[in-house]
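Every chain is numbered from 1 and lettered A, B, ... according to where its sequence line falls, protein lines coming before strand lines.
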There are 2 protein chains.
Amino acid sequence: MLLSKSCIYALRASVLIASKKNDGFITIRELSDELNISFHFLTKVLQELTKAELLESYKGPNGGVKLARPANKITFMDVVESIDGDYMINECVLGLPGCGVMKPCALHDQWSVLKTDIINMMNEYNLEAIAKNRELQRSFERKSAQFANL
Amino acid sequence: MLLSKSCIYALRASVLIASKKNDGFITIRELSDELNISFHFLTKVLQELTKAELLESYKGPNGGVKLARPANKITFMDVVESIDGDYMINECVLGLPGCGVMKPCALHDQWSVLKTDIINMMNEYNLEAIAKNRELQRSFERKSAQFANL
DNA sequence: GTATATTAAGATAAAATAGTCTTAATACCA
DNA sequence: TGGTATTAAGACTATTTTATCTTAATATAC
Ligand code: SF4
Ligand code: SF4
């Protein structure tokens, strides 16, 4: 898989946060219930997003987490980098040590093009856009109530 | 990472086999030495390629492994599927259960394009082409003797 | 201040992946 | 026939990732 499970959880949760208009704090319990992710595990993942300053957290009653900046200022890549690191940029899916443009492997010519596309997509797509897309899909699919729970 | 380490080892080894003109058997020891991969681990990985009928193996003196068919008839995808399965096609990097065209997640529109590109590349690129590319790169880089060891 | 709600942190466990080691099976060769 | 080279198979270990559970810290409200 391209992204770790932790990273997918982080994405799903941050998109869900972005899709709630409410700009107060949302409890992690509410998120974990809605996304069907273990509360404690999600807590840890979101702690990393807080450390990375993508989220703000607040303890106690009416506490929870919220986006640290507007949803359109947090990119897909921001979330991926916070959890999985920058392997996508500095390493490579093929993960050969020390490779790159100056020291390419036999797949570099073919792969680097695709890799660049993925990086660009991740940089251009942000939580606001993803959340909008998510709502659009849900409105389409309302009849069947079937949708992938990103 | 997109591919497991086992899968990367399988790729590196099969490309190396393809790049040896010799159509006799090559010992796994020779491959593991040249690629700096644990002999026993590589043995296991290549056993899977043998089971998948991408390689043929032969025991005893002058034994080893060789490609089961011409290098241009074994695709990148063949190797990936043999080791990592068909997750790339049937699952997804985002790995949400039961998603797909009929039940897309909020990233599907953006991601599925890139995913298709990757699948196409893997299907079109074969061991012969990769091996040729590998040799080309080595001839370029001979001065510095630096290259990524795919 | 005390009880309650909440995130933070850390200890532990389970599962998946990666790696090592030993033995077995098979084939060649002398 | 016996010795050697080689892959096959399986047991075992180590590491990483994922998940759970417990306790601590912090904030609120009464
Ligand atoms: S494709 Fe490029 S970045 Fe990836 S392993 Fe090969 S040389 Fe490195
Ligand atoms: S991008 Fe498409 S295939 Fe991947 S998880 Fe989303 S809906 Fe599924």
Side-chain angles (χ1 to χ4, degrees), chain A residues 1-14 17 24-33 35-68 80 83-85 87 91 93-97, chain B residues 1-14 17 24-33 35-68 80 83-85 87 91 93-97:
Chain A
M1 286 213 295
L2 185 65
L3 307 174
S4 70
K5 276 185 114 178
S6 298
C7 186
I8 291 169
Y9 292 163
L11 271 170
R12 293 177 64 200
S14 50
I17 296 169
F25 291 99
I26 302 163
T27 67
I28 298 176
R29 178 68 65 182
E30 185 181 338
L31 298 171
S32 70
D33 283 351
L35 296 171
N36 253 290
I37 300 171
S38 140
F39 167 73
H40 286 106
F41 195 64
L42 186 59
T43 295
K44 287 204 156 174
V45 171
L46 296 190
Q47 270 171 38
E48 293 189 62
L49 293 188
T50 303
K51 277 183 203 152
E53 302 191 330
L54 300 187
L55 296 182
E56 273 173 33
S57 68
Y58 203 78
K59 290 174 188 169
N62 307 316
V65 292
K66 66 177 178 184
L67 300 183
V80 171
I83 305 296
D84 281 351
Y87 80 95
E91 291 181 30
V93 271
L94 299 178
L96 297 176
Chain B
M1 284 210 299
L2 185 64
L3 307 174
S4 70
K5 278 186 115 177
S6 298
C7 187
I8 291 169
Y9 292 163
L11 271 169
R12 294 177 62 199
S14 49
I17 296 169
F25 290 99
I26 302 162
T27 66
I28 298 175
R29 177 70 65 186
E30 187 181 337
L31 297 171
S32 70
D33 283 352
L35 295 172
N36 254 289
I37 300 173
S38 143
F39 166 72
H40 289 289
F41 195 62
L42 186 58
T43 296
K44 287 202 158 179
V45 171
L46 296 190
Q47 271 172 35
E48 294 190 62
L49 293 188
T50 303
K51 278 184 201 151
E53 302 191 329
L54 300 187
L55 296 182
E56 271 172 34
S57 69
Y58 203 77
K59 289 173 186 170
N62 306 317
V65 292
K66 69 176 177 184
L67 300 184
V80 170
I83 304 297
D84 281 352
Y87 81 94
E91 291 182 31
V93 272
L94 300 179
L96 298 177

Atom-pair distance ([atom1] on [X]; [atom2] on [N]), nearest Å:
{"X": "B:Lys5", "N": "C:dT20", "atom1": "NZ", "atom2": "C1'", "answer": "14 Å"}
{"X": "B:Asn36", "N": "C:dG19", "atom1": "CG", "atom2": "C1'", "answer": "15 Å"}
{"X": "B:Lys44", "N": "C:dT23", "atom1": "NZ", "atom2": "P", "answer": "16 Å"}
{"X": "B:Phe39", "N": "C:dG19", "atom1": "CZ", "atom2": "C1'", "answer": "14 Å"}
{"X": "B:Lys51", "N": "D:dT7", "atom1": "NZ", "atom2": "P", "answer": "16 Å"}
{"X": "A:Asn62", "N": "D:dA29", "atom1": "CG", "atom2": "P", "answer": "6 Å"}
{"X": "B:Ile83", "N": "C:dT17", "atom1": "CD1", "atom2": "C1'", "answer": "13 Å"}
{"X": "B:Leu46", "N": "D:dA9", "atom1": "CG", "atom2": "C1'", "answer": "15 Å"}

Next on the checklist: Please pick, from D:dA19, D:dA8, D:dA27, the nucleotide with the shortest atom-to-atom distance to any side-chain atom of A:Phe41.
Outcome noted: D:dA19
Checklist entry - Among the nucleotides D:dT22, C:dG10, C:dC28, which one has an atom lying closest to any side-chain atom of A:His40? => result D:dT22
Checklist entry - Considering all heavy atoms of both residues, which atom of A:Leu49 and which atom of A:Ala10 are nearest to each other, and what is their separation? => result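 Residues A:Leu49 and A:Ala10, closest heavy atoms: CD1-CB, 4.0 Å.
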Next on the checklist: Looking at every non-hydrogen atom in both residues, tell me the closest pair between A:Leu42 and A:Ile37 and how far apart they are.
Outcome noted: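 Result for this residue pair: CB-CG2, 4.0 Å.
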Checklist entry - Is the CD atom of A:Glu53 crowded by more than 12 outside heavy atoms at less than 6.0 Å? => result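 Check fails, neighbour count at 12 or below.
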Look at [X] and [N] and indicate whether a side-chain polar atom (N or O) is within less than 4.0 Å of OP1 or OP2.
{"X": "A:Ser38", "N": "D:dT20", "result": "yes"}
{"X": "B:Ser4", "N": "C:dT17", "result": "no"}
{"X": "A:Ser57", "N": "C:dA8", "result": "yes"}

Item to check | Toward the 5' end of DNA chain D, by each residue's nearest nucleotide, B:Val65 or A:Ser6 | outcome: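 Counting from the 5' end, the first nearest nucleotide belongs to B:Val65.
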Checklist entry - Taking atom CD1 of A:Ile83 and atom CD1 of A:Ile8, what is their separation to the nearest 0.5 Å? => result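 These two atoms lie 11.5 Å from each other.
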Checklist entry - Touch check for B:Tyr58, heavy atoms < 4.0 angstrom, all strands: base, sugar-phosphate only, or nothing? => result sugar-phosphate
Checklist entry - Taking the nucleotide of DNA chain C with the closest heavy atom to each, which residue, A:Gln47 or B:Cys7, is nearer the 5' end? => result A:Gln47
Checklist entry - Between B:Phe25 and B:Tyr58, how do the two ring planes meet: parallel, tilted or perpendicular, split at 30° and 60°? => result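 Rings of B:Phe25 and B:Tyr58: parallel, as their planes differ by under 30°.
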